[in-house]
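See structure below.
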Amino acid sequence: MEVETRSGGSSASEGRWSQSGTSLPVRNVQALAGSAAELTADTIQRYIQPGVDGDTVLAEHSDEVPVIDLAKLLDAESVEAEAAKLRFACEDWGFFQVVNHGIPIEVIAGMKHDIQKFFQLPLEVKNAYAQRVGDLQGYGQAFVLSDDQKLDWSDMFGLFSQPPQARDMSYWPNQPPNFRNSIEDYSSELMKLSHSLATFIAKTIGVDPELMEDKHVGQFLRMNYYPPCTTTPEKVLGFSPHSDGSFITILLEVNAVQGLQIRRHGAWIPVKPRGDALLVNVGDFLEIMANGKYKSIEHRVTINAQKERLSISAFQVPKYDGIISPVLGSTEEKVLYKTMRVEEYARLYLSNKPDGKRTLDYAKLSQI
């Protein structure tokens with residue numbers, strides 16, 4: 001299919017998401033992990049996360065993550081019961097798996113194939129799409145803001161994929177040959193899914209779905225590569241604990257290697273993804289809009305000693321020049337969050353290293 005393109009730059013509004021943060025260039029982790037000579041104690045030290053190997057992990061709860069069936073939400077006979085499950089998932093977990101999501105198998109297969117092929121390309125080829133100063137897009141790492149901070153054991157490739165006028169095609173790879181089309185197809189299907197989910201989420205909190213129309217119009221795709229760490233896998237993290245600065249995030253596990261963990265009741269729960277599911281989590285913007293009834297979920301990524309892990313995160317974000325504010329269910333409900341410009345929250349979120357849900361505290365009017 002023909003991919004809608006721009007020669008560079010971005011739209012007046014949505015594109016400014018791209019310039020709302022930056023990341024310092026650091027060593028490529030995939031190359032580091034593949035070089036025994038470079039993988040020294042001194043080199044690995046910057047990736048060691050103090051205390052992470054002592055955290056409580058409750059693997060026995062992996063199978064308890066809620067599963068939402070979109071087909072049942074779209075069926076008049078089953079929508080009420082399934083919507084109740086969706087409400088529970090957003091209130092109690094902030095996270096769920098969605099099945100019967102409607103994205104064609106061949107679209108997902110094409111995206112999985114091409115992202116694996118991309119990360120297999122020589123480093124000099126991938127570096128042709130490297131991040132540039134003052135831009136979130138490109139190949140590199142995320143949230144590297146100082147020369148002495150602890151680093152995550154991962155590389156990533158990020159693109160603003162929606163709306164089409166926000167794209168900067170200079171970042172869109174020509175290799176593998178069909179990669180651009182795969183991104184276009186997958187991104188477009190995700191927008192349909194995001195619209196369906198936002199509509200039902202709105203109904204579960206008694207909000208007119210039209211109020212959410214501009215809350216998920218943007219999309220940033222982050223394609224993640226987590227190399228194995230053969231030396232100290234239990235002491236490094238692929239992504240430090242954080243909640244997402246999105247409305248919702250939709251995650252595709254590219255291969256069968258586990259690593260995602262969510263924080264629940266003070267412990268970490270490994271997520272065991274279903275092969276037929278996409279993973280969805282509540283983002284900070286939805287927590288603000290739901291006035292705290294739905295909670296964005298803190299999560300992290302652990303590293304395997306022997307196997308690489310790949311995933312694709314789709315961050316569905318509001319219009320950059322928009323406003324985010326809590327929508328109250330009744331006149332008696334206490335307002336718990338500020339009304340903020342999306343730009344203000346985005347810049348605050350992207351100018352700090354991931355640290356749990358610390359950024360969201362800024363949006364609260366009082367302790368919750």
Side-chain angles (χ1 to χ4, degrees), residues 61-112 162 185-217 219 244 246-253 260 262 264 269 271-283 285-297 299 312-318 326-330 333:
H61 294 289
S62 294
D63 295 328
E64 298 175 10
V65 175
V67 177
I68 302 301
D69 188 334
L70 184 59
K72 290 183 178 179
L73 285 173
L74 295 169
D75 187 329
E77 293 186 2
S78 54
V79 61
E80 186 175 348
E82 202 65 15
K85 289 174 61 178
L86 176 61
R87 183 184 301 109
F88 169 78
C90 293
E91 284 178 345
D92 200 67
W93 283 81
F95 187 94
F96 56 91
Q97 304 193 61
V98 59
V99 297
N100 291 320
H101 44 67
I103 300 182
I105 294 174
E106 60 271 19
V107 171
I108 289 179
M111 191 65 193
K112 286 183 175 182
Q162 296 289 346
D185 292 345
Y186 182 62
S187 171
S188 298
E189 291 291 340
L190 283 176
M191 293 303 290
K192 299 175 190 175
L193 175 60
S194 176
H195 175 77
S196 295
L197 291 173
T199 297
F200 287 108
I201 287 171
K203 291 178 179 178
T204 63
I205 52 176
V207 172
D208 185 342
E210 289 190 5
L211 290 176
M212 289 191 174
E213 280 300 309
D214 67 342
K215 301 302 185 290
H216 55 99
V217 292
Q219 182 188 85
D244 288 342
S246 63
F247 180 76
I248 59 172
T249 303
I250 305 172
L251 178 75
L252 171 65
E253 298 278 7
L260 177 64
I262 58 177
R264 180 170 168 81
I269 310 296
V271 176
K272 192 182 298 180
R274 292 174 44 151
D276 61 343
L278 292 169
L279 309 176
V280 181
N281 63 267
V282 173
F285 287 113
L286 178 51
E287 177 169 335
I288 294 170
M289 192 169 185
N291 199 36
K293 291 185 284 292
Y294 292 171
K295 302 290 187 183
S296 62
I297 184 71
H299 51 289
I312 304 171
S313 303
F315 302 95
Q316 303 295 142
V317 295
V327 178
L328 306 183
S330 69
E333 185 177 345

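Predicted model, so just to flag it, every value in this text is computed and none were measured. Below, all heavy atoms of this structure are taken into account, side chains as well, without hydrogens, waters or symmetry copies.
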How close do [X] and [Y] get, heavy atom to heavy atom, and via which atoms?
X      : Y      : answer
His216 : Gln316 : O-NE2, 3.3 Å
Thr204 : Ala83  : CG2-O, 3.7 Å
Glu287 : Lys295 : OE1-CA, 3.4 Å
Pro209 : Ala202 : CA-CB, 3.8 Å

By the definition side-chain contact (heavy atoms from CB on, under 4.5 Å), identify the one residue from [options] that meets it with [X].
X      : options                : result
Lys112 : Leu252, Val107, Ile312 : Leu252
Val280 : Leu193, Ile201, Leu197 : Leu197
Val99  : Leu70, Asp69, Ile68    : Asp69

Using a 4.5 Å cut-off on heavy atoms from C-beta on, say whether the side chain of [Y] contacts that of [X].
X      : Y      : result
Val282 : Phe247 : no
Tyr294 : Glu91  : yes
Leu260 : Leu279 : yes
Pro326 : Met289 : no
Phe285 : Ile248 : no
Ser196 : His101 : no
Val65  : Trp93  : yes
Gln97  : Pro66  : no

Open item on the list: Do the side chains of Glu253 and Arg274 get close enough for a salt bridge, i.e. N-O under 4.0 angstrom?
Closed with: no
Task: CA sep, side-chain torsions, deciding dist, call: Lys293, Asn291, side-chain contact (heavy atoms from CB on, under 4.5 Å) - done: CA-CA 6 Å; Lys293 291 185 284 292; Asn291 199 36; 4.1 Å; yes
Atom pair [atom1] ([X]) and [atom2] ([Y]), whose distance is rounded to the nearest 0.5 Å:
X      : Y      : atom1 : atom2 : value
Leu278 : Asn100 : CG    : CG    : 11.0 Å
Ile262 : Ile269 : CD1   : CD1   : 6.5 Å
Ile103 : Glu189 : CD1   : CD    : 6.0 Å
Ile108 : Leu190 : CD1   : CG    : 8.5 Å
Met212 : Ser194 : CE    : OG    : 10.5 Å

- [ ] Assess whether atom CD of Glu77 is packed by more than 12 heavy atoms of other residues, nucleotides or ligands within 6.0 Å.
- [x] no
- [ ] Take Arg264 and Asp92, measure what salt bridge (charged side-chain N to carboxylate O under 4.0 Å, His left out) needs, and give me the verdict at the end.
- [x] CA-CA 9 Å; Arg264 180 170 168 81; Asp92 200 67; 2.8 Å; yes
Open item on the list: When you measure from the side chain of Lys85 to the backbone of Ala81, do you find a donor-acceptor pair of N or O atoms at a distance under 3.5 Å?
Closed with: no
TODO: Mind jotting down which residue pairs meet the salt bridge (charged side-chain N to carboxylate O under 4.0 Å, His left out) criterion with at least one end in residues 194-214? Sequence neighbours excluded, please.
DONE: none
Task: Candidate pair Leu74 and Glu82, rule side-chain contact (heavy atoms from CB on, under 4.5 Å), full reasoning - done: CA-CA 9 Å; Leu74 295 169; Glu82 202 65 15; over 6 Å; no
TODO: Evaluate the salt bridge (charged side-chain N to carboxylate O under 4.0 Å, His left out) criterion for residues Glu80 and Lys72: first the C-alpha distance (whole Å), next the side-chain angles of each, then the deciding distance (0.1 Å), finally the verdict.
DONE: CA-CA 9 Å; Glu80 186 175 348; Lys72 290 183 178 179; over 6 Å; no
TODO: Could you check His195 against Lys192 for side-chain contact (heavy atoms from CB on, under 4.5 Å), going step by step and ending with a plain yes or no?
DONE: CA-CA 5 Å; His195 175 77; Lys192 299 175 190 175; 5.8 Å; no
Open item on the list: Does Val98 form a side-chain contact (heavy atoms from CB on, under 4.5 Å) with Phe96? I'd like the steps, not just the answer.
Closed with: CA-CA 6 Å; Val98 59; Phe96 56 91; 4.3 Å; yes
- [ ] For Ser246, check side chain to side chain donor-acceptor pair (under 3.5 Å) against everything at least two apart and list the hits.
- [x] Thr249
Task: His299 and Asp244: side chain donor to acceptor below 3.5 Å - done: yes
